[in-house]
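Taking it in order: structure first as structure tokens, then the write-up.
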2 protein chains.
Amino acid sequence: MTGGLSAEELGAYFALMEVGSLLQYAVDAHLRAEGDLSYVQFQILARLADAPEGRLRMTDLADGVVYSRSGLTYQAGLLEKRELITRSSSPDDERSVIVSVTDGGRALVARVLPGHVDDVRRLLFDPMADGDLAAISEVLGRIRRHMRSTPPRSAKPRAKNRRKG
Amino acid sequence: MTGGLSAEELGAYFALMEVGSLLQYAVDAHLRAEGDLSYVQFQILARLADAPEGRLRMTDLADGVVYSRSGLTYQAGLLEKRELITRSSSPDDERSVIVSVTDGGRALVARVLPGHVDDVRRLLFDPMADGDLAAISEVLGRIRRHMRSTPPRSAKPRAKNRRKG
DNA sequence: AAGAAATGCTTTTGATTTGAAGCACGTAGG
DNA sequence: CCTACGTGCTTCAAATCAAAAGCATTTCTT
């Protein structure tokens, strides 16, 4: 069942997946409880709050937050309904939509951020020893760059269909 | 915007989340292309194939695979329809449902496993240098144990509602 | 300048997931 | 035995998400 990965590699792979998954689950639950925000919604607001003028184009906002444009449109609709963001078409390019955080959006981010940070610290960093952070950062950073630069790999011709399953 | 986490901590946090997310996305895409299996479905089959007699109770299978029982019921229905698994009630406890892999299920796992392993190796382990694996394993393992033993933390009374958002 | 192709977003459709409610079986207390 | 409660799974309703199709605008080609 290990089929080409050593026991240690397999363990590291599973640990990575589980840690990421549990962390997201825990953080998500707390964000909902504190501000009725999903993890994705928090990311959108946080990115906007961090952007130069508090605004970004939909496309630029989508990268890294969600795997489809329609998903962002959906979330933007929800956030706009709650008046946490605003949408307007760009003067430069009539196709583009500019998303801006409202004051309410900034306030909400400010309100949930401390709890979010606490969660991450408690779950992820508390169990780390001296030097762990530097080691992890270096390796994970390298892996991330590698993954980003690796092409999405065309599927082999074996495929017959691929809906969401 | 860092609010209590150093720049390096923040970077490590984001890198961890992104690496886990991209890895799952890539692996998922390949599993679909190779065997029309989602990541969750593959996990279910792989666990069953790895279990003593190729069978497990729903409840035992659910742990770690999915965050709700109903989600497992749904996936089990899909896999059963494809005759990759079988469901039958337990003789010991009439309430329990025993899930078993079929020969077809085992064959499918065997067919997609090499590609899956290749993906993980290429994306996750190729960019690692000597010693990285041991370091990562140790730290991630420790964090995982810590997360598992940390109670789900009751939400603070601040909460008003918490649908899926 | 006209048509073709590309870009940016939304709408639509379908799949997956969750929590709540429901149902069946099992266990404990009187 | 009989009721109350607990457990295991499924059904149901609602939410989220992605791919495909659609529409508008812009850019490229000739």
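Hydrogens, waters and symmetry mates are skipped; everything else that's a heavy atom, side chains included, is used. In the text below, chain A, chain B and the rest are named by the order of the sequence lines, each starting its count at 1.
- Comparing Asp92(A) and Ser70(A) along DNA chain D, the residue whose closest nucleotide (by nearest heavy atom) sits nearer the 5' end is Ser70(A).
- Residues forming a side-chain contact (heavy atoms from CB on, under 4.5 Å) with Ser70(A) (at least two apart in sequence, or on another chain): Ser68(A).
- As rounded to whole Å, 14 Å separates atom C1' of dT17(C) from atom CG of Asp28(B).
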Scan nucleotides 2-8 of chain D against the protein and return all N/O pairs shorter than 3.5 Å with their distances rounded to 0.1 Å.
| residue | atom | partner | partner atom | Å |
| --- | --- | --- | --- | --- |
| dG6(D) | N2 | Arg95(B) | NH1 | 2.7 |
| dT7(D) | O4' | Arg95(B) | NH1 | 3.3 |
| dT7(D) | O2 | Arg95(B) | NH1 | 2.9 |

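- Close to dA15(C), at under 4.0 Å from its OP1 or OP2, lies no side-chain N or O of Gln75(B).
- With respect to Asp50(B) and Arg47(B), no salt bridge is recorded, no charged nitrogen being found less than 4.0 Å from a carboxylate O.
- Spacing between atom OH of Tyr67(A) and atom C1' of dA15(C) amounts to 18 Å, rounded to whole angstrom units.
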Using atom types as modelled, flag every donor-acceptor pair under 3.5 Å from a side chain in residues 95-105 of chain B to any protein atom, sequence neighbours excluded.
| residue | atom | partner | partner atom | Å |
| --- | --- | --- | --- | --- |
| Arg95(B) | NE | Asp93(B) | OD1 | 3.1 |
| Arg95(B) | NE | Asp93(B) | OD2 | 3.4 |
| Arg95(B) | NH2 | Asp93(B) | OD2 | 2.7 |
| Thr102(B) | OG1 | Glu83(B) | O | 2.8 |
| Thr102(B) | OG1 | Leu84(B) | O | 3.1 |
| Thr102(B) | OG1 | Gly104(B) | N | 3.4 |
| Thr102(B) | OG1 | Gly105(B) | N | 3.0 |

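- For dA19(D), its base never sits under 3.5 Å from the side chain of Ser68(A) at any donor and acceptor pair.
- The distance between atom CG of Leu78(A) and atom P of dT11(C), rounded to the nearest whole Å, is 13 Å.
- Gln41(B) places its CD atom 8 Å from the P atom of dT17(C), with the value rounded to the nearest Å.
- Atoms CG (Asp63(A)) and C1' (dT7(C)) sit 14 Å apart, rounded to a whole Å.
- Note on ring orientation: taking the six-membered ring where Trp is involved, the planes of Tyr13(B) and His116(A) are tilted (angle from 30° to 60°).
- One atom, CZ of Arg32(B), and another, C1' of dC17(D), lie 12 Å apart when rounded to the nearest Å.
- Taking Leu56(B) as the reference, Leu48(B), Ala51(B), Leu61(B) meet the side-chain contact (heavy atoms from CB on, under 4.5 Å) condition, with sequence neighbours excluded.
- Residues passing the side-chain contact (heavy atoms from CB on, under 4.5 Å) test with His146(B) are Pro127(A), Thr150(B), sequence neighbours excluded.
- In this entry the distance linking CG of Leu72(B) with P of dT11(D) reads 13 Å, nearest Å.
- Straight-line distance from the OH atom of Tyr74(B) to the P atom of dG19(C): 17 Å, rounded to whole Å.
- Looking at residues two or more places apart in sequence or on another chain, you find a salt bridge (Lys or Arg N to Asp or Glu O under 4.0 Å) between Glu9(A) and Arg121(B).
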